[in-house]
Amino acid sequence: MDQALRLSTWLVPTLREVPAEAEVASHRLLLRAGFIRKVAAGIYTLLPLGKRVCSKIENIVREEMNRAGGQEILMPILQPAELWHRSGRWEVYGPELFRLKDRHGRDFCLGPTHEEMITALVAAEVRSYKQLPLLLYQIGNKYRDERRPRFGLLRGREFIMKDLYSFDRDWAGLEESYRKMYEAYTRIFTRVGLNFRAVEADTGAIGGSVSHEFMALAEAGEAVVVYCPDTTCGYAANVEKAESLSSLEEIGEEGPIELVVTPGVRSAEEVAAFLGLPVKQIIKTLIYRTEKGLVAALVRGDREVNEVKLQNHLGVLELELAGEDLVEEATGAPPGFAGPIGLSLPLVVDREVLHVKAGAVGANRPDAHYINVLPGRDFPVQDVADIRQVSEGDPCPRCGRPLLSVRGIEVGQIFQLGDKYSRALNAYYLDERGEKRPIIMGCYGIGITRTMAAVVEQHHDEEGIIWPVAVAPFQVLVLPVNYEEAPQRELAEEIYNLLREKGIEVLLDDREERPGVKFKDADLVGYPLRITVGRHAAEGKVELKLRRTGENWLVSKGEVLEKVTAFLEGKEFCTG
RNA sequence: CGGGAUGUAGCGCAGUUUGGUUAGCGCGCGUGCCUUGGGAGCACGAGGACGGGGGUUCAAGUCCCCCCAUCCCGACCA
């Protein structure tokens, strides 16, 4: 027989008080409801209920990966540095890679992702175009030594991820694999009950060209998404990647450049106010430090620099605002007075800056700015790029409508990688004509544990979690109000056994607790359906209560199975 | 990594400013009685040596130094 699903024997340590460390809803509730416990910063144990939810999500993912033609494998977490040297990422990945040595002093790392390992596998095993396309995936632990783990399962250092890799003969094949995965992801996140949006994304450290992120919409999300309100346009992108129509507005009228004294006036807003100019007429000069040296980035005063775009444009691994001392060394003035004129640093000019005809810029000396500065005449504009951060209200790059913005949790990301890894790790095949060609790859990740937290972010109330049926740890809780009273106990047991036999995931709260405690726990844990066996037990009647709406019905025991089944199948649920 | 804060019982906190009996409170936990439709009540009880190390002092949870851990705010990612 199956294991006893009796709450008295399960480890479900609910907490009445909120641990001080928990900030966001999912973290707080998963701790309080007894789903997870912290082991170290960003490292958690999944308790029985947490493990059940996680398995539910994994199974949905597995079904959809299989449906899309994926084959499940399992690769080691421990990876030899050798593989990472070959792709060049041993250096590129930086401190986020957990590194360790074996007893012989050889370097290893804990896998944050598996492009190297799987490409090496495929390189060794795949020779012919007849073996392609190939979709391989796994579900397992991943390790990233995050700068700042936080929010419980939302950003851990150890987490569970599904990663699938596609191997195709050419780019057309890759696009087909990518499309399949896009559809599979849409099905998965719909099935787990998330309100999500697929958006265009930057490719970051993984590399590649085209990429989409799947964002669960939530205030706790760390990502910001902009999207077009016109659904037929449908533009949506991570702000890191988002573009906007450039303003073509010409600002100011050409005139002779002039030096003005601006004591203590630093920020674009201050400069604009001091000079009596609109902020957009200021040209901001920001000094960045990279591993290749300092660079200056120029944007309009009313814009912000998008550091991801700038980083990609420059092709550098490290990019951060230069400190005060470096700025002073490079410009001869404290921050706030940097400008492009006479500056001996590479200049990256945002394309909107070209339309400023009489800008104000720092003079690279304390307490002074130039006005009537004309780009191209007064400073060189060889390196022009889109480096501005898009924000809400900016015009959609496709249709020009004002963009909206929301916060999201990145629960999945898909990439078209191309041949970056196959060339590095020697994954080639022979085509029909016997010619050697690189395998064209894609990779596709889903954060399983993060998805679990995202579901909680979207499905909870003051009392606790409200699990969607598809991922609930148990679908039904049978709750005898007083387990010591024979009629209640017997009826509860009867219903519990009946539902179990029918394959319904049911848990019996057989604890000798007072009713209030049981009710509070039931709401906190978030079972979608509760069957209360109480004062009507003697008449053979029980109450069904929906966690989501709070609705409840008194039904006789003969009707229970039908009602429960109808609810679980998502049919109309009524008193009948 | 930079900035801010915290570390006292399983959880939440007080005590630290102004060193001084035996370190407290609520919840939780154990036993008993009582109670049983929204985290009951009474009684008894167990549990910490104050994140770690060093120092000052007759005396340190309290003052000083170093270290560690955790959380929050900024630059990265599933």
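We name chains A, B, ... by the order of the sequence lines, and we start the count at 1 in each one. Small disclaimer: the values here were computed from a predicted structure and weren't measured.
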Note to self: Show me, range against range, the stems involving RNA chain B, built from at least 3 consecutive Watson-Crick or G-U pairs below 3.5 Å.
What the structure shows: B:1-7 with B:68-74, B:10-13 with B:24-27, B:29-33 with B:41-45, B:51-55 with B:63-67

Item checked: Contacts of type salt bridge (charged side-chain N to carboxylate O under 4.0 Å, His left out), residue A:Glu493, not counting sequence neighbours -> A:Arg6

Next item on the list: List for me each residue that meets salt bridge (charged side-chain N to carboxylate O under 4.0 Å, His left out) alongside A:Asp521, sequence neighbours excluded, and say none if there are none.
Entry: A:Arg511

For [N] and [M], measure between their [atom1] atoms and round to the nearest Å.
N     : M     : atom1 : result
B:C63 : B:G7  : P     : 12 Å
B:U8  : B:G52 : P     : 10 Å
B:G61 : B:A49 : P     : 13 Å

Item checked: Any donor-acceptor N or O pair under 3.5 Å, side chains A:Trp84, A:Gln79 -> yes

Check: Going by atom types only, do A:Glu559 and A:Ser556 share a side-chain donor-acceptor pair under 3.5 Å?
Finding: yes

Ring pair (Phe, Tyr, Trp, His ring centres under 6.0 Å) against [X], all qualifying residues, sequence neighbours excluded:
X        : value
A:Tyr527 : none
A:Phe474 : A:Trp10
A:Tyr182 : A:His212, A:Phe214

Margin query: Is it the case that the side chain of A:Arg28 and the backbone of A:Ala22 share a donor-acceptor pair, with hydrogens and angles ignored and the cut-off at 3.5 Å?
Written below: no

Item checked: Test item: A:Gln416 side-chain N/O and A:Ser211 main-chain N/O as donor-acceptor pair under 3.5 Å -> no

Next item on the list: Would you kindly give the OH-to-C1' distance between A:Tyr288 and B:A75, to the nearest whole Å?
Entry: 10 Å

Notebook entry, point to check: When the distance from OH of A:Tyr444 to C1' of B:C77 is rounded to whole Å, what number comes out?
Noted result: 19 Å

Checklist line | Centroid distance under 5.5 Å and plane angle under 30°, A:Phe519 vs B:G37 | finding: no

Note to self: For B:C77, does the base pair up with any side-chain atom of A:Arg157 as donor and acceptor (N or O, under 3.5 Å, distance only)?
What the structure shows: no

Item checked: Under 4.0 angstrom between A:Arg16 side-chain N/O and B:G28 OP1 or OP2 -> yes

Please produce a list of atom pairs where a protein N or O lies less than 3.5 Å from an N or O of nucleotides 33-36 of chain B.
residue: B:U35; atom: O2; partner: A:Arg514; partner atom: NH1; Å: 2.6
residue: B:U36; atom: O4; partner: A:Glu484; partner atom: OE2; Å: 3.1

Item checked: Any pair counted as ring-ring contact (aromatic ring centres under 6.0 Å, His included), so long as it reaches residues 307-330 of chain A, sequence neighbours left out -> none

Next item on the list: Return each pair, listed once, that meets ring-ring contact (aromatic ring centres under 6.0 Å, His included) where at least one residue sits in residues 44-66 of chain A; pairs must be two or more places apart or across chains.
Entry: A:His27-A:Tyr44

Item checked: Residues which pass side chain to side chain donor-acceptor pair (under 3.5 Å) with A:Glu200, listed by chain and number, not counting sequence neighbours -> A:Arg398

Item checked: Cationic N near anionic O, under 4.0 Å, A:Asp202 to A:Lys309 -> no

So which protein nitrogen or oxygen atoms get under 3.5 Å of nucleotides 67-69 of chain B's nitrogens or oxygens?
none

Next item on the list: Have a look at A:Asp521 and say if it touches a base, only the backbone sugar-phosphate, or nothing, with a 4.0 Å heavy-atom cut-off.
Entry: base

Check: Which nucleotides of nucleotides 1-10 of chain B have their base under 4.0 Å from a protein heavy atom (B), which only their sugar-phosphate (S), and which neither (-), written as one string 5' to 3'?
Finding: B---------

